[in-house]
Amino acid sequence: MTTGVIGVTHDEFLNMAYLNDNYLKLKAGYLFPEIGRRVKAFCDANPDAAKRVIRCGIGDVTEPLPAAAIAALHLAVDEMAQRDTFRGYGPEQGYEFLRSAIAANDYRAHGLDVADDEIFVSDGSKCDCGAILDILGDQNRIAITDPVYPVYVDTNVMTGHTGDADDSGAYGGLVYLPCTAQNGFIPEPPQEKVDVIYLCSPNNPTGAVASRAQLEAWVRYATANRAIILFDAAYEAYISNPAIPHSIYEIPGARDCAIEFRSFSKNGGFTGVRCAFTVVPKTLQARTTAGEWRPLHPLWNRRMSTKFNGVSYLVQRAAEALYSKDGQAQVRQLIAHYMGNAKVLVAGARAAGLTVFGGENAPYIWVGAPAGITSWEAFDRMLNEANVVITPGSGFGRNGEGYFRVSSFNSRSNAEEVARRIQTLKWR
Ligand code: MLT
């Protein structure tokens with residue numbers, strides 16, 4: 001019998017390799033490449049307008065690396081040029097010099113009990129947020145906020161933790177926690193039992209921050225339900241309100257129920273350099289299928305040793321330099337620059353009569369589109385009429401519909417120009 005595949009018999013055909021069906025459940029494309037595709041189509045069709053386009057879509061940094069990081073990179077390159085200081089494979093968990101700089105500066109200096117070897121250096125929080133599923137069971141009931149950073153959802157879909165998406169894009173099997181203007185975009189713990197909860201504060205995309213009381217409620221919930229919080233703190237450096245926790249470990253009990261993800265992308269401008277870290281406390285335990293409690297730390301250590309070769313020596317030296325006195329001052333300057341942009345953008349959007357959230361303790365501005373205008377309509381209007389790229393809120397989930405996100409990662413002159421153009425837009 002023929003099979004349509006040249007040289008393959010019917011029996012052989014039935015034995016062909018299988019793909020991961022879960023990938024076929026994913027919606028068309030990852031949000032940011034999809035935006036890139038639409039912007040490219042617009043620019044190709046409108047070469048003159050293309051020259052005016054300002055990108056406030058993906059949260060990618062625009063300013064040069066801090067001088068301390070540059071100096072450390074140069075030094076590390078010189079070391080690599082000499083036989084006696086050359087480095088080959090490094091430790092998969094990260095060099096001790098960086099792990100201890102992180103634990104000492106980001107945690108112990110703030111009275112938080114985190115040991116050097118609870119820090120795992122990696123090439124990005126996005127990667128770690130996805131990879132963490134390797135060490136968690138498939139039986140877990142997963143809660144995510146809506147709107148949400150799409151990586152949390154898509155990686156669960158890829159791993160087979162969900163059913164299909166319905167017409168609204170919601171996946172069967174996930175517990176969605178609505179984030180709305182009414183709850184300040186920070187949801188309360190659910191009534192039902194979930195096992196794994198993704199929280200992101202300062203939040204991408206809404207720019208909201210969780211208060212101490214809200215995080216305490218989550219840690220209480222996780223403790224009572226023996227659940228695990230996956231806490232994404234990639235934007236913690238943008239917190240200016242001293243009452244807002246920077247780390248989940250500021251909440252008593254969190255060492256027993258939370259994993260924290262942090263990144264050098266948004267504080268040191270490392271989006272193109274690639275360095276981040278994940279904290280897995282040794283006291284954090286989860287259940288085996290047989291019902292025994294076991295620590296997760298050795299599993300993550302094993303996972304990193306097997307599937308990861310570590311971040312390059314050069315990059316880890318650059319990350320370490322961000323903790324030097326000069327490095328810290330330069331990081332503060334970078335953050336002040338982007339938050340200055342945020343202020344300009346918030347003022348511009350408000351002057352345009354739009355409802356604006358975020359932008360105070362986060363580099364993202366969450367803007368309500370005028371009534372009756374969908375997120376993608378707002379995207380098209382901003383692109384076609386103002387030549388500004390934003391991110392449609394609905395790309396982050398059902399509750400993002402009617403909103404759009406403006407990133408403040410840009411030059412000051414671009415931020416000012418966007419603030420001006422947004423006011424010239426006639427929505428009706
Ligand atoms: C975003 O724009 O949401 C972020 O840049 C994405 C990321 O950090 O991966």
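Given the structure is predicted, the values throughout are model-derived calculations rather than measurements. Position 1 is the first residue of the sequence, and the numbers go up from there. Ligands are counted one by one from 1 in listed order, and the atoms in each one are counted from 1 as well.
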Check: Among all residues two or more places apart in sequence or in another chain, which pass the side-chain contact (heavy atoms from CB on, under 4.5 Å) test with R212?
Finding: E216, P245, E250, I251

Notebook entry, point to check: Is a salt bridge present between R412 and E416, judged by a nitrogen-to-oxygen distance below 4.0 Å?
Noted result: no

Checklist line | Proximal protein residues to ligand 1, non-hydrogen atoms under 4.0 angstrom | finding: F32, I58, G59, K126, Y149, N204, Y235, K266, Y364, R405

Checklist line | Short side-chain donor-acceptor distance under 3.5 Å, R421 and N387 | finding: no

Margin query: Tell me if the aromatic rings of F231 and Y198 count as close, with their centers under 6.0 Å from one another.
Written below: no

Note to self: Could you check whether D117 pairs with R99 (Lys NZ or Arg NE/NH1/NH2 to Asp/Glu carboxylate O, under 4.0 Å)?
What the structure shows: no

Check: With C200, which of I144, L230, T206, D232 fulfils side chain to side chain contact (heavy atoms under 4.5 Å, CB included)?
Finding: D232

